[in-house]
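What's counted below: heavy atoms across the whole structure, side chains too, no hydrogens, waters or symmetry copies. Letters A, B, ... are given to chains in the order of the sequence lines, protein chains preceding strands, and every chain is numbered from 1.
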4 protein chains.
Amino acid sequence: MNGNSFGRLFQVTTFGESHGEAMGVTVSGCPAGLELSEEDIQGDLDRRKPGQSKISTSRGEPDDVAIKSGVQDGYTTGTPIGMVIQNKDARSGKYEPFITAPRPSHGDFTYSSKFGTRNWGGGGRSSARETVNWVAAGAIAKKLLKQEGVELKAHVNQIGDVEAPEVSFEQMLEHSEENDVRCADPDAAAEMQELIEDYQEKGDSIGGSIYFEARGVPRGLGAPRFDSVESRLGQAMMSVPATTAFEFGLGKDAREVSGYDRNDHWEFDENDEPVPAENDHGGLQGGITSGEPIYGEVTLHAPTSIPKTQQTVDWETGEEKEEKVIGRHDPVLPPRGVPVVEAMLALTLVDFMLLSGRINPDRVDGQVGEYDTDYHPSSPRNE
Amino acid sequence: MNGNSFGRLFQVTTFGESHGEAMGVTVSGCPAGLELSEEDIQGDLDRRKPGQSKISTSRGEPDDVAIKSGVQDGYTTGTPIGMVIQNKDARSGKYEPFITAPRPSHGDFTYSSKFGTRNWGGGGRSSARETVNWVAAGAIAKKLLKQEGVELKAHVNQIGDVEAPEVSFEQMLEHSEENDVRCADPDAAAEMQELIEDYQEKGDSIGGSIYFEARGVPRGLGAPRFDSVESRLGQAMMSVPATTAFEFGLGKDAREVSGYDRNDHWEFDENDEPVPAENDHGGLQGGITSGEPIYGEVTLHAPTSIPKTQQTVDWETGEEKEEKVIGRHDPVLPPRGVPVVEAMLALTLVDFMLLSGRINPDRVDGQVGEYDTDYHPSSPRNE
Amino acid sequence: MNGNSFGRLFQVTTFGESHGEAMGVTVSGCPAGLELSEEDIQGDLDRRKPGQSKISTSRGEPDDVAIKSGVQDGYTTGTPIGMVIQNKDARSGKYEPFITAPRPSHGDFTYSSKFGTRNWGGGGRSSARETVNWVAAGAIAKKLLKQEGVELKAHVNQIGDVEAPEVSFEQMLEHSEENDVRCADPDAAAEMQELIEDYQEKGDSIGGSIYFEARGVPRGLGAPRFDSVESRLGQAMMSVPATTAFEFGLGKDAREVSGYDRNDHWEFDENDEPVPAENDHGGLQGGITSGEPIYGEVTLHAPTSIPKTQQTVDWETGEEKEEKVIGRHDPVLPPRGVPVVEAMLALTLVDFMLLSGRINPDRVDGQVGEYDTDYHPSSPRNE
Amino acid sequence: MNGNSFGRLFQVTTFGESHGEAMGVTVSGCPAGLELSEEDIQGDLDRRKPGQSKISTSRGEPDDVAIKSGVQDGYTTGTPIGMVIQNKDARSGKYEPFITAPRPSHGDFTYSSKFGTRNWGGGGRSSARETVNWVAAGAIAKKLLKQEGVELKAHVNQIGDVEAPEVSFEQMLEHSEENDVRCADPDAAAEMQELIEDYQEKGDSIGGSIYFEARGVPRGLGAPRFDSVESRLGQAMMSVPATTAFEFGLGKDAREVSGYDRNDHWEFDENDEPVPAENDHGGLQGGITSGEPIYGEVTLHAPTSIPKTQQTVDWETGEEKEEKVIGRHDPVLPPRGVPVVEAMLALTLVDFMLLSGRINPDRVDGQVGEYDTDYHPSSPRNE
C-alpha cells in the first residue's frame, strides 16, 4: 500500500531517506539453510555505490551493509533478515533554497501535495538512495536463484542516441563490468562515456536504457493475467526511479511485426522435448515461463537534478525564481541502475520460484550451521 | 498470487475460461450509494464484444452482464458486486488437434507445463475472453471516477507501421469510436483498416499500440516506489493479453532526451498555484500525481492464432506436424483492446482515489435508494 | 480489506446478500487435477441448509451449487472455480418495519453507520446466509486435505448450560450427524434438543459452542507470530457469524494450569521419533504444527433475531417503539454452524499446506480428465 | 505469509531473534505530521522490559529504541519509520544442552521441523523477545488514536485461580500500573503476586489472563465477515505468544445466555441518537463498531521454560534425558503482556481508522516541522 514492500513469499520491506540516519531492509521468506554473509551482499552494493566513477555523483557513501538478524553460524535461519546501511555523507543543507520552490520534474512538489511536507533532505524517500535496500535484498535472491541454476545479468544498451549492438549473455557476463558505463560492448561504452561527459560539462544530464536477461528459468512459472511474470516484472521495473518504459521480448517493436513472423514454431530438442525454434516471445507465453531466456529492456529518463540554472516558483513567497541545484548528482542513471534492475529481476523471479514450490519455502537443502538440514525430526521433505 | 485478483481497496476477482459455461467478476470495495445498473456496464462490454466488426473475430457473444448482488433499488450497497456473463458461443471442438501439439507462441505449452493440463477450450484461462470481466469492473470504476471529475480515454495510435498523428483528448472523446479501428484520426483509421484487412486476407495478423490519457486526477495520489502510480499501472497494463511494452510520459523516447529539455519548469497558474510549464513527466513525479494529465502507451503484439499453416510438434505422438488454427480469431488486438486498457486505467486510478481517502471507502454522497446517505446515525463524515 | 476474501494461496472471494438474487464464491489457487463435481460440494451445503430440522429456520432454500468454471472433464484445471447458489426464498418485505428502527444487537445499526444504508433484506451482507459460500469453498479444501491424509470434524459440545462429555474423534465421525443438534453424544444431544425447544417456544434463543479437531496435519506447518496457525485460525473462526470466543488446546482453562502440569514432555514413538507424551498444546507450539491433533472450541452467542417483543427506536420518526422480529430464524446456531466451522478450519489448513509446498500449488498428481498429470512437457516435479 | 508483517494500511514489519544482535521494526503507513520522538515510544517499552520486577525474568535489557528514519524535525514525514533496539544481554550458551533435545511444549521441535534448524539462541524467533517490536509500533498507533479521541487500556484480570473483581476503565487507567502484576484491583494484585511467587519458588510457572478495553472508537468502523473488527482482533491477539483464548463482549459465557437477555435494546441518548441500553455486544455488531466500548479478554498459558527438571529426548543421540532449563525466564506472562495486548489492540484499531478514511492516510493536521500541513499546494483536504 505504502510503497515500502515488494514481493509475496519473498517479501522485502524497506525504510530510509536520502539524508536520514540510515537505510534499512527486512527480507522475510528467505528459506533456512542458505549460506550467507555480508560479503555476499557487499559486492552488488559496491556496483551501485555513489562516487564509484567520474560519471557518478561525488557523494561519498561506503554503503557497508550490517546483517542484524536471520543469519546464524553463517547460514540463514528462515527468520527475517534485517539489514542496515548507515548514511555517512548526508548534507541536506544544500537543498534549503528549494524547501518551498520545487525543483523541475523532481518529486518535491508531488511529495508536498501528498504528505504536506517540504523538501528537506534531497528528496527524502523519492531519492534513488532507497535502491541501496533493493540491491541488498536482491543479492540474497540472486544467491538463492543461482543454487537453482537461474542466472541473470543486465547491461546498459543505450545512452542518448548511442546504441550498443546486440550482445550475447556470455558477453554481458564477461564485459559489462569492465567499464564505468556498464555496457558489454567496449566501443559503444567508450562512445557513451564521451557523450555522458559532454552533458556533464554542460551541467546537463542524459537518459538511457538497460537490457536484462535471465537464463535457466524453469518452465511453468507464473500465473495467468494479473500475476503473470510480465505483470510482476512490470511493477518491479516501473518501481525503479526514473523508469518511463518497460518492455519484454520484442517489446515496442512488436507492433510492427506480423503474427506469422513473431510466432515461434515448435520443434523437438535433443531430448525430444518441445522447444520453440526462436525466442521472439521473450521466454513468456500466456504469462508463464517457456524455459527460454527471459529478456527485456528498461528505459530511464535523464536525472532531473542538474547544476544548470532553471525556472521555478516559490509557493510561500509567491515569487518566480531561477535556481541551480547545487547537490551532488549523477549525469546519467543506467550505469548505476544495472545492479538495481538485476535486483528487481531477481526478487521477482525468486518469488515465482517459491510460489511454484520449486524452492522449498521453509529451507534449502544442505547445511544449517554445522547441521545437515536433511536430517532432523520429520523433515517435511522426508515424510 | 493466482492471477485472478487485482486492486487493493477496490478489489476485482474474476473467474471463467474461453470455452467454459460463464465468466464472472466480483467487485469488492465499491462504496455504497453509487447509482448503478446493468446499462452502465453494458456499453463498455459492447465496445469489447467479439463479432462487432469485419476486423474482429466472428465468435458471437452477446456478453450480457447480470448483476447478482451489491446493488439494491438501483444503488450500490457497499457489499460486493457479483456479475456473471454467460458464454454462448463456445466451440472447443475446433481446438482438438492441438491438445498435445501446442500452437506457436500461444499459452498452450506453458499452461501444460504449469498445470499439467492439455489445451482444451481454446486457451481456457489464457484467452482474452477473460477481459470481459475487467471491462465490467472497469465500467463501475469509471463511473466512480467521473463523479470525482476524473475522465479517461484510450484510442489506437498505431497498427503495424501506420502511425496516427498526435490527437487531443477532446478528439479522442469525439472521434475514436467513429470507426472500427478505434483511432481518433479518421485518415489514419482508414489506412489502418486497410492494412489489417491485408493481413486478414493473408491469413496472418498484425500488432499495434494504444494510447491512453486521464484528466482531472488530483495532485498527491500515489506512493513512493513499489506502489507508485506507474508501478501499479505497469502491472495493470502488462496484464492485458499480448502486451509487450508499457510506457508513460516520454516513454522509451526519454532515453534520447537531456535533463534540461525534459524537465518541466514551474510557473504559477491563474490561482497562483505552482504548475509545470509542460507535461513531459506524464502527470507523475516521484510516483505521485502532479495534477497534470496522466498519459502513456501500451503495445500489443499480433494475435498468435492465425489460420496460416504453421509448424508444431505433438509431444504425445512425438511427430512434427503442420497445422492451421481453425478457431475464430482477431486479425489485430488494439481495436477491441481500447476498452480493456481504459478499464485497467480506471481500476488503477480508483484504487488510488480510495487509498488517499479522496473517495470515501464506505460510501459516496447522495442517495441510497430512496434514502439520503448524509442523514443517518453518526455518519462518519458528520462526526 | 473489504471482508469478502479469505486465504493467501488458496483464496476465497464471496458475494451475495441474505435477500439478493444469488450467493457466489470464487476459489482461486486450487491446484489442477483434483477430481471435483457438484456432488462433492452439495453434501456439506445440505448440512448447513436452512429448514433441515425443527430447530432450524423454516426458510426454504435448496442451496443447489452450480460450478461455472475451473472444472473440466470432472477435474479442476488450476484456474478459478466460480460457483453460484441461487436465493430462492428471499422475503425482505418481512423486515420493512425495521428499516429505520434497528433490531437489538443485530447488524442493522452498525451497517447503517458504515454504509449509510438502511436495513433492507434481513441484514443483507451481515446475514449468516453468506456462510453458504464458505461451506462450498470448504468442501473443496476438505477434499484436497483428505488426499494428503488430513481429516477434520466438528460437533456441538455445549448448548446453554448443557455440556456434552468429552468424545473421541472417532465418536465425532460416527455420531455427530445422527441428531439435529449435531452433538456426538446422544444423551447430551437429547437434552440440548429439549433445551432449544424450550427457548424456541418462549420466542427466545440460546447460545452454544462447537468443538473442532483436525488429524494427520504434518509437522512443521505454520509460521511465527502474525501468521501462526492459531492467528490465522483465530481470524477464520472469529469471522463466523455470532462467534464471541475462540480457543485452542487448553483454551481459557490454561490460565489456571501451572507450566509443569501443562508442559508435554518428550518421549520416543515406535519409530524413535520424538513425540509429546500428551497434547495439552493442542497440536501447536510456537505457532507451528507438532503433528499432534489440532483441536479447539468456538463459542456462538444466541441468535439476535427473536420473535419476542423488544424495545427499539426509530431514528427517522424519533419515536421509541416495541417490535417483534417476524422473520424466520434459528433458535440456536451451533447445529448449523458445525459445517461452517469445519469449512473455516479446512480453508485455513489447506492454505498452510500450499504455503509449505506440501501440496503442489500448481497441480495434484493423478489424472486431469483423460490425461495423466505426471506425463507432460517439463513437469515441474519431473525436472 | 511469513509471520513478520501485520496490518494493511498501517503496516508493521519486524525482524530479530531472542539472542541475535538487534530487534527491529518498520512502520509503514503512519501519516505525516505526527509529532513523534523516541520518548513517546520508550514509555511502553519500559513497561514491557525484562528485569523490571521480582516476578519478571532477570535478563537485563535497557530496550532503548533508536528511530532511524521517517521522522524529521520531530514530526513524521509519511515515509516508513525504521526503529532498531539492540540486544544487550543475549546468552545463548545457556541453551546448548537443548540443541537436539526439545524443551517440553517450547517451539524448539516445531521450528526444527519447519526450518531444519536447531534451537540455538533461546528460541530465536519464537521468543517473546519479538514483542518489543510490537510495543514500539503500538506506541505510535496509540498516539495517532489519542489524537482522534480513542483511548485504550489493558490490565491483568486473573492469575491462576485468583480472579480480580470487575473494574472500571477509569480504575484501569489509575491503578493498573501501581503494582508489578499490573492488576487494577490492589487486593487482587497482592494475592496474585503471592501466588506467582509460590510458583516461582517451586521452579514452576502459572497462567493468567488480560482484560482490554477501548473507548471513543467511532461508529461504523470495520467490515463484514473476514475483515470484521473481531476477526482482525482475533488474529492480532492470537499472535501474542502463549495466547490460547480470545474473547470479546460476553465471550465464552455467551453460550449460556439467551438471546433476549443478551440483546441490547435501543434507546435515545441526550442527542436523540440511537444508543444500545447496554453493551453485552462488546462494541461490535455484525463485525462493525457500534460506538460503545470495545472490550475483551486474552488468556495466556503458563511459561513453558521452567527451572524444574523435565523429561525430554535427544533426537541425535537417541537417548531419553532429564533436563532443567537454566535460562532466565518469567514465572508468569500477563504482567509484561499488558503493553503487548495494548499494542496489538492499537495496531488493529488504527488500521481500521485509516481504512475508513477517519484518519487521513497521507497526513494528520497540524505542523510538519516548522510548517503548517494545512497550507501547501493542493492539500487533498483543501481541494
Between C:Glu297 and D:Arg255, is there a side-chain N and carboxylate O pair less than 4.0 Å apart? yes
Going by heavy atoms in the side chains, are C:Val340 and C:Trp134 under 4.5 Å from each other? yes
With a 4.5 Å cut-off on heavy-atom pairs, point out which of C:Glu320, C:Lys308, C:Glu267, C:Met1 contacts chain D the most. C:Met1
Heavy-atom distance under 4.5 Å to chain C: side chain of D:Gln158, backbone, both or neither? side chain
Please state whether the side chain, the backbone, both or neither of C:Lys252 comes within less than 4.5 Å of a heavy atom of chain D. both
Residue from C:Gly286, C:Ala236, C:Ser258, C:Pro334 scoring the most non-hydrogen pairs under 4.5 Å with chain D is C:Ser258
Picking from C:Ala302, C:Pro276, C:Ser239, C:Gly208, which has the most non-hydrogen pairs under 4.5 angstrom with chain D? C:Ser239
Thinking salt bridges, do C:Glu292 and C:Arg219 make one under a 4.0 Å N-O criterion? no
Counting N and O atoms only, with roles assigned by atom type, does the side chain of C:Asn271 sit under 3.5 Å from a partner on the main chain of C:Glu273, one being a donor and the other an acceptor? no
Test item: C:Val12 and C:Val25 side chains (from C-beta on) under 4.5 Å apart, heavy atoms: yes
With only heavy atoms counted, which part of D:Thr13 is less than 4.5 Å from chain C, the side chain, the backbone, both or neither? neither
Given heavy-atom pairs under 4.5 angstrom as the criterion, report whether the side chain, backbone, both or neither of C:Glu230 touches chain D. both
Applying a strict 4.5 Å limit to non-hydrogen atoms, the region of C:Pro303 in contact with chain D is backbone
Please classify the contact of C:Phe246 with chain D as side chain, backbone, both or neither, using a heavy-atom distance under 4.5 Å. both
Ranking C:Gly291, C:Ser209, C:Gly251 by heavy-atom pairs under 4.5 Å to chain D gives rank one to C:Gly251
Residue D:Tyr199 versus chain C: region with a heavy atom under 4.5 Å: side chain
Given that the side chain runs from C-beta out, which part of D:Ser5 has a heavy atom under 4.5 Å from chain C: side chain, backbone, both or neither? backbone
Determine the option with the most heavy-atom pairs under 4.5 angstrom with chain C, choosing from D:Ser231, D:Ser305, D:Ala245. D:Ser231
Is chain C contacted by the side chain of D:Met237, its backbone, both, or neither, given a heavy-atom distance below 4.5 Å? neither
Give the member of D:Ala223, D:Gly160, D:Ala254 that has the highest number of heavy-atom pairs under 4.5 Å with chain C. D:Gly160
Top residue by heavy-atom pair count (under 4.5 Å) with chain D, among C:Gly222, C:Gly203, C:Gly107, C:Ser205? C:Ser205
Heavy-atom donor-acceptor pair, D:Gln235 side chain to C:Phe226 backbone, under 3.5 Å: yes
Under 4.5 Å from any heavy atom of chain C - which part of D:Asp204: side chain
If we define contacts as heavy-atom pairs under 4.5 Å, which of D:Met238, D:Arg225, D:Lys202 has the most with chain C? D:Arg225
Is C:Thr243 in contact with chain D via its backbone, its side chain, both, or neither, using a 4.5 Å heavy-atom distance? backbone
Of the backbone (N, CA, C, O) and the side chain (C-beta and beyond), which part of C:Ser228 lies under 4.5 Å from a heavy atom of chain D, both, or neither? side chain
Is C:Thr299 in contact with chain D via its backbone, its side chain, both, or neither, using a 4.5 Å heavy-atom distance? side chain
Any idea how C:Phe109 and C:Trp315 line up, ring-wise: parallel (<30°), tilted (30 to 60°), or perpendicular (>60°)? perpendicular
Is any side-chain heavy atom of C:Arg8 closer than 4.5 Å to one of C:Arg232? yes
Please look at D:Glu278 and chain C and tell me whether the side chain, the backbone, both or neither of the residue comes under 4.5 angstrom of a heavy atom of that chain. neither
Would the distance check show the side chain of D:Asp314 and the main-chain N or O of D:Glu319 forming a donor-acceptor pair, the cut-off being under 3.5 Å? no
Walk me through whether D:Asn263 and C:Thr304 qualify under side-chain hydrogen bond (donor to acceptor under 3.5 Å, both in side chains). CA-CA 6 Å; D:Asn263 281 357; C:Thr304 57; 5.0 Å; no
So, do C:Ile294 and C:Phe248 sit near enough that their side-chain heavy atoms are less than 4.5 Å apart? no
Proximal component of D:Glu130, with respect to chain C [non-hydrogen, under 4.5 Å]: side chain
Okay, D:Pro241 and chain C: the region with an atom under 4.5 Å from a heavy atom over there is both
Stepwise, does the side chain to side chain contact (heavy atoms under 4.5 Å, CB included) test hold for D:Tyr260 with C:Ile306? CA-CA 8 Å; D:Tyr260 187 78; C:Ile306 52 176; 3.9 Å; yes
Say whether, by atom type as modelled, one donor and one acceptor occur between the side chain of D:Asp227 and the main chain of C:Asn2 under 3.5 angstrom. yes
Taking it one step at a time, do C:His281 and C:Ser290 satisfy side chain to side chain contact (heavy atoms under 4.5 Å, CB included)? CA-CA 9 Å; C:His281 65 279; C:Ser290 69; 2.8 Å; yes
Is C:Arg262 paired with C:Asp280 through a side-chain N to carboxylate O contact shorter than 4.0 Å? no
Residue from C:Gly318, C:Pro331, C:Ala277 scoring the most non-hydrogen pairs under 4.5 Å with chain D is C:Gly318
